Amino acid sequence: MAIRRIYETPDPMLRQTSRPVETFDVSLKTLVADMFETMYAAPGIGLAAVQVGEPIRLLVIDLQEPESEAKDAPIVRDPRVFINPEILTTSDNEIPYTEGCLSVPEQYAEVMRPDRIRAKWQDVDGTMHEEDIDGLLAVCLQHEMDHLNGVLFIDHLSRLRRDMVLKKLAKWRKENGLVAA
Ligand code: GNR
Ligand code: NI
């Protein structure tokens with residue numbers, strides 16, 4: 001297992017359209033394991049393969065919710081793999097959620113998305129699944145599926161709000177010594 005480098009905006013890697021996964025072999029399973037390790041280390045709740053430089057239609061999600069409301073409740077891991085995912089239907093009702101992205105580090109903004117989707121996808125063995133999805137999983141799956149199409153959450157914002165986020169990102173990178181002054 002290995003932690004992979006996460007590509008960040010404006011790297012053109014993130015703007016590619018990822019290609020379908022055709023071979024469900026052992027190298028795919030290695031990539032999935034690396035993606036979980038990278039996502040947990042970041043930490044994040046989702047990661048698309050293109051974010052680690054593999055433009056294929058694969059994403060992982062783990063909402064990692066606490067077991068109870070109690071402070072210090074153990075985190076329950078629920079790793080989920082989505083390969084060649086497709087959205088079959090979306091609800092008419094859109095809700096706001098404050099999103100972040102490991103490829104737009106430390107920046108957050110409210111995005112509107114349908115609150116329920118019906119999706120189908122394959123798992124690491126190539127088996128098909130179909131499910132109704134809502135809540136945070138629906139938000140995260142739509143965010144990750146955008147990555148497969150070269151779309152970032154900031155693309156859903158008005159030009160003004162997007163420019164504000166990018167300006168704050170540049171400031172954050174400067175303050176953290178991530179770009180030349
Ligand atoms: O870790 C992440 N948190 C998050 C919060 C709200 C909506 C979407 C996300 S996904 C993000 C990790 C990431 O960048 N996935 O592509
Ligand atoms: Ni993201």
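Residues: numbered from 1 along the sequence shown. Predicted model, so just to flag it, every value in this text is computed and none were measured. Ligands are counted one by one from 1 in listed order, and the atoms in each one are counted from 1 as well.
Side-chain contact check for Ser103 and Glu8: no donor-acceptor pair (N or O, by modelled atom type) lies under 3.5 Å. Side-chain contact annotation: Ser91 with Asp115, donor-acceptor N/O pair under 3.5 Å present. Arg19 and Asn84 form no side-chain donor-acceptor contact under 3.5 Å, judged by distance and modelled atom types alone. Between the side chains of Thr23 and Asp25, no donor-acceptor pair is found at a separation under 3.5 Å.
Of all protein heavy atoms, the one lying nearest to atom 12 (C) of ligand 1 is Gly46 O, 3.1 Å. Nearest to atom 14 (O) of ligand 1 among the protein's heavy atoms is Leu102 N, 2.8 Å. For atom 8 (C) of ligand 1, the nearest non-hydrogen atom of the protein is His143 ND1, 3.6 Å. For atom 6 (C) of ligand 1, the closest non-hydrogen atom of the protein is Glu99 CA, 3.5 Å. Nearest non-hydrogen protein atom to atom 10 (S) of ligand 1 is Glu144 OE2, 3.4 Å.
Around the Ni ion (ligand 2), the protein atoms of type N, O or S found under 2.8 Å away are Cys101 SG, His143 NE2, His147 NE2, listed by chain and number.
Side-chain contact between Val52 and Met35: present, with at least one pair of heavy atoms (C-beta onward) separated by less than 4.5 Å. Using a 4.5 Å heavy-atom cutoff, the side chains of Val60 and Phe82 are not in contact.
Within the 4.0 Å heavy-atom shell around ligand 1 one finds Tyr97.
Atom CD of Glu22 sits in a sparse spot, with 12 or fewer heavy atoms from other residues, nucleotides or ligands closer than 6.0 Å. Counting heavy-atom neighbours within 6.0 Å of Lys167 NZ, excluding the residue itself, gives a total of 12 or less. Atom CE of Met13 has more than 12 neighbouring heavy atoms from other residues, nucleotides or ligands inside a 6.0 Å radius.
Taking every non-hydrogen atom of Cys101 and a distance limit under 4.0 Å, the qualifying atoms of ligand 1 come out as 14 (O). Ligand 1 places these atoms under 4.0 Å from at least one heavy atom of Gly44: 1 (O).
Ring pair His143/Phe153 is parallel by interplanar angle, where below 30° counts as parallel and above 60° as perpendicular.
Inclusion of Gln51 in the set of residues having an N or O under 3.5 Å from an N or O of ligand 1 is warranted. For the pair Ile45 and ligand 1, the shortest N or O to N or O distance falls below 3.5 Å.
When the heavy-atom distances from atom 9 (C) of ligand 1 to Ala42, Gly100, Ala48, Pro43 are ranked, the shortest goes to Gly100.
Using a 4.0 Å cut-off between charged side-chain N and carboxylate O, Glu54 and Arg4 make a salt bridge.
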